[in-house]
Each structure stands twice: as C-alpha cells, then as structure tokens.
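Comments concern the structure below.
To find a chain, count down the sequence lines: A is the first, B the second, and so on, and within it residues start at 1.
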There are 2 protein chains.
Amino acid sequence: MKSDMTKKTDLSARIAKSISDSILAGDLLADDRLPSEAELAEDFDVSRSTVREALKRLAAQSLIRTERGAFGGAFVRQLSYDDARRQNITMSTLLLTMNEVRFDVACEARFALERACLPLSAARCGPKDLARLRKEIGRQASPDLSDEAFCASDVAFHRAIVDSAGNPILSYQLSGAVEAMQPLMNMITYTARSRARIVALHTDLADALERRDAAAADAILTVLQTYTLQLGEGLLAHRAQMRAERSAT
Amino acid sequence: MKSDMTKKTDLSARIAKSISDSILAGDLLADDRLPSEAELAEDFDVSRSTVREALKRLAAQSLIRTERGAFGGAFVRQLSYDDARRQNITMSTLLLTMNEVRFDVACEARFALERACLPLSAARCGPKDLARLRKEIGRQASPDLSDEAFCASDVAFHRAIVDSAGNPILSYQLSGAVEAMQPLMNMITYTARSRARIVALHTDLADALERRDAAAADAILTVLQTYTLQLGEGLLAHRAQMRAERSAT
DNA sequence: GGCATTTAATTGTCTGGCAATTGTTTTTCC
DNA sequence: GGAAAAACAATTGCCAGACAATTAAATGCC
C-alpha cells in the first residue's frame, strides 16, 4: 500500500477517508443520508467531536452537506460543475502562487489548453457565445477601466471561448488554467497601446470563430500568446527579485 | 458580495474561510505558523472545538499541516504538485461519476486536452520520456493482463505523454482529465484484437514523438480517439439503462 | 379539515479535562 | 566539564457531557 494510515494519521482523517472511499466507490450515492453523528461515533468507536471533525473535512471537499433538525443530518452531495470549478480555481491559484511558477510556464500551459478548445469552439459556438465574447470586447474598449477590471474582463473573454466549446468537462478542466492566471496578469500595467492591440486581437478571434475558421483562430491565438508573453516579460525579473529580497531577510 | 456568510453558515466555516483568505491573499506564507488553537479560539471568540473544526477543514484542502508537541501547531502548507494532482483527480472522478457524464463527452475533453500537449511533447520529449512510453507499451502487449491492468497502463501511457511536454502546470491541469477516465474505461472489455490495435497506435504515437513529428502524432491521436469512442459506444446505452433502473426503484 | 402546539431527532457550540508528543531546560552523575 | 537522564512546558489529539438552535413530524384543538 502507498500509505498505511493506521496509527499515524488523525482519527478524524482516517474516518473521513473511510467515508470518502465509500462515496468514491459508489457505495453512497448522491443525497444518501449518512448515519447521525452519534451513530457514526458508535460505529467508529470514537467521540462525537472526532466524528464532527471528520465530517467537516468532507464538507470542506464538497463531498457532503449537513442539515439541522429532526431528519436532518449529513447527506452525500452531488458535486456540481460550479463547486468543482470553484475548487479547481482555488487550487490552481494556490499552486501558481505558492510555487512561484514562472509567468512563461503558466502562460504556455494556459494557451496550449485554450488552443485545444478552438476547433470545438469554432464548430459549435452559437449566437449567445458570440454575444458574450463581443460584450467583453466592448467592455475592454472603454477607456475608463482600471488595469484590474481590464484583466478581469480578459479572463472572462477567454472563459467564454472555452465555454463556447460546449463541453462542460472541458470548461471545468480549463477553469483553473484560465482563471488562476488572473493574479499573475494583474501585475501587468496595460498601456492604452497594449489595450488597443489586445482588443484588436480579441475582435479578430471572435470574428474567426464566427466564420467557423479554426485555423485562423489558432493563428490569432498564437499571436496573442506571444504578445502576452512579451507584456509579462518583466514579471520574471520581478519574481526573481522578490525571491532575492526574501532570502536576504 | 456574492455570499454574506454572516450568521447563516457554520462558525467553523467562517473561520476557515477567514484563514484561507489570508493564505490566498499572501498574508500568510508557506511554513508560517498559525496561532495555537487556544489563541485562535480567543481571537475569534469561539471555543477550541470550533477552531479545531475550522482547522480540519483547512487541512482537508491541504492548506495547512499540523504538528504536535511544544513549538508544534498549524503551519501553512506549501501546496505541492502531487497534492494538487491528487485532489484534482479525486474531484474530476467525482464530477464524472456523480453527474453521469456521457462517455463521448468525457472522451472528447480528454483527447482535446491531450492534443494540446502534443506539439510541446514532440518538441521536448527526451530519452527518459520515450523509455517510459515504451515501457507501458511493453506492458500492454503482455497477454496475461487483466482488463483493469491494461486500462491502468493505458492511463499511465497517456500521463507519460502529458508529462513529456515538460510543463508541470500542464501536467497538473491534465491529470484530472486523463486519470478520471479510468473508471469509465474500466467498464470496457478489451478483446485481444482491440488490445493489439491500441498497442499499435501507441507504438505509432511514440514513434512519431521520437521523430518530433507533431502532425503525425496528432493524426494518430485522432484515430485513437475515434477507436476509443467506438469501444466505449456501449457505455452510453449502459448508463441510460442504469438510470432507468434506478428511477424505477 | 386546518391551524397551533408539542415532541423528538439532529446538528451547532461550549466547557473542562486528560493523554500523547516533542523541543527545551534542568538536573544528575561520572 | 560533559554527557546522559529527567523534568518541564507548550501544543495538538481525543473524550465526556451539557445545552442551544433548528426542523420535520406528531398531536391536539377548533
């Protein structure tokens, strides 16, 4: 076995793992009710506090939800796309910031993944998707927009491209890559010139998708990637400097 | 605000969120020590049990680790790629099974994402990566292999392709898509004929990568996708039947 | 039958305590 | 003086018991 778990980890962790295994294995289905805390305490032969700690662990992973009152209790939670997406974004953000990932590495991953969506997006995007893209482009063009708001709209634009592929699994998998970039992109100061350039590229991209021209969209994305990388160039040095300062402390 | 959180959710959830926000915002850095449970209890004006439940929530998300003894306590945990990958896989698996995602949808997402890696893999894969690929191909060719083991090796092969792109962020993001497929693929029975076909395609793929021929690799992946889809065709009906049976209960 | 009240089950929170762990400090002994 | 042993202190892990809050069901009343 990879990890023995016996007698070295928390009781609450072991209990949580036991229940979580049951859920993963399909022994417990969505909306099934778990035994009450008192029953679980007896089943596992631990105190109620320990059971509660285990249940909180599961709740933190969106595996269960709890309801109070008679006939309440802990219920297996059907993991929604939104919940999964939120957790994915949190984890990706954390991974990027805590490991001081280089801007170019994150950028490469993000654009590679987005490129994977383009053929599907070009084939399937509908009027609603295009409207969403145009709306964000319009917002990006307004001059009285903070750098942060511009960046947020940029992320929204790219999310819209991913969603237009019409595959929810794809949207989920890419949410982390697209949205976790935001903190990194926020460190860029967008001049009027660079904004205009980006808006133009976004417009070209939307046009290409509307024409269902995947090859053109791909080419534009490549240009956008190069330009983004260029804008973020300074961040590599900045990161290195931060690290140097901290180690000097 | 999106969610008020005040006076409707658990105290432990609010406290966990408060601490987790501090970590996400960078106020708490990796290996920083949190106040002791007793201190936190006083700070937040709650009992120690409530603080403990909050800390267990954070531990479940790999945000902190705890150590016992004097000078022990809760420490901000540097989220490792492995931790993140594990959680990503769990969540993806859960998402796929609990939402009864159609095999073709999951398959499409998986191959689209893998396709995104191919140019990078072709450009960068080294001898070690190729050896890993060949090793899995060799395993898949041995006739005395259970369907499950064959499937596990298939997943390992595709993970190796992703890893050979040499971008850890990409590897992380794709781990969910690749590994969460395994439970679905496990429902396929692999005949000797289909195994031979898959091994041949895998070999072609490895050869193409060795030649640094991204276009050829892409074409082979398309064939593999079509074939996988064909093998999994029955699962769509199977799923529908399962659902029908359950609703009849 | 419909509405108000009571009841029972369950989670949420608190208090207080003891055991286990572990780095530090002090003591003991050679 | 130095090394081993013992005591110490801080901290988490776990437990028992209590009470409050909530909520669906059961009951009673009209």
- request: Sugar-phosphate means primed atoms, P, OP1 and OP2; the rest is base. With that split, encode nucleotides 17-27 of chain C 5' to 3' as B, S or - using protein heavy atoms under 4.0 Å.
  value: B--BBBS----
query: Whole-Å distance between dT10(C) C1' and Phe75(A) CZ?
result: 10 Å
field: Whole-Å distance separating the CD1 atom of Ile15(A) from the C1' atom of dC15(D)
entry: 13 Å
query: Under the salt bridge (Lys or Arg N to Asp or Glu O under 4.0 Å) rule, what pairs show up with a residue in residues 39-51 of chain A, not counting sequence neighbours?
result: Glu37(A)-Arg48(A)
field: Result of checking Leu96(B), Thr93(B), Leu95(B) against Leu79(A) for side chain to side chain contact (heavy atoms under 4.5 Å, CB included)
entry: Leu95(B)
- prompt: Applying ring pair (Phe, Tyr, Trp, His ring centres under 6.0 Å), which residue pairs with at least one partner in residues 40-96 of chain A are found, sequence neighbours left out?
  reply: none
query: Please, which pairs that meet ring pair (Phe, Tyr, Trp, His ring centres under 6.0 Å) have at least one residue in residues 145-177 of chain B, sequence neighbours excluded?
result: Phe150(B)-Tyr190(B), Phe157(B)-His202(B), His158(B)-His202(B)
- prompt: What residues form a side chain to side chain donor-acceptor pair (under 3.5 Å) with Ser18(B), not counting sequence neighbours?
  reply: none
Contacts of Gln78(B) that satisfy side chain to side chain donor-acceptor pair (under 3.5 Å) - sequence neighbours left out: Asn99(A)
task: Output the residues of residues 36-45 of chain B in contact with DNA chain D, where contact means a heavy atom of the residue under 4.0 Å from an atom of the strand; sort by number or write none.
output: Ser36(B), Glu37(B)
task: Check each residue of residues 49-58 of chain A for a non-hydrogen atom within less than 4.0 Å of any atom in DNA chain D, then write out the ones that pass by number, or none.
output: Ser49(A), Thr50(A)
- request: Name all residues meeting the salt bridge (charged side-chain N to carboxylate O under 4.0 Å, His left out) criterion together with Arg139(A); count only those two or more places apart in sequence or in a different chain, and write none if there are none.
  value: Glu136(A)
By salt bridge (charged side-chain N to carboxylate O under 4.0 Å, His left out) - contacts of Arg110(B) (at least two apart): Glu114(B), Asp154(B)
Mind listing the side-chain donor-acceptor pairs of residues 163-171 of chain B below 3.5 Å, one per line with the distance, residues two or more places apart or on another chain?
unit_1, atom_1, unit_2, atom_2, d
Asp163(B), OD1, Ser171(B), OG, 2.8
Asp163(B), OD2, Arg132(B), NH1, 3.3
Asp163(B), OD2, Arg132(B), NH2, 3.0
Asp163(B), OD2, Arg159(B), NH2, 3.3
Ser164(B), OG, Ser121(B), OG, 3.2
Ser164(B), OG, Ile161(B), O, 2.6
Asn167(B), OD1, Ile169(B), N, 3.0
Asn167(B), OD1, Leu170(B), N, 3.1
Asn167(B), ND2, Val105(A), O, 3.0
Asn167(B), ND2, Glu108(A), OE2, 3.0

- prompt: What pairs of residues pass the side-chain hydrogen bond (donor to acceptor under 3.5 Å, both in side chains) test when at least one of them lies in residues 26-35 of chain B, not counting sequence neighbours?
  reply: Asp31(B)-Arg65(B)
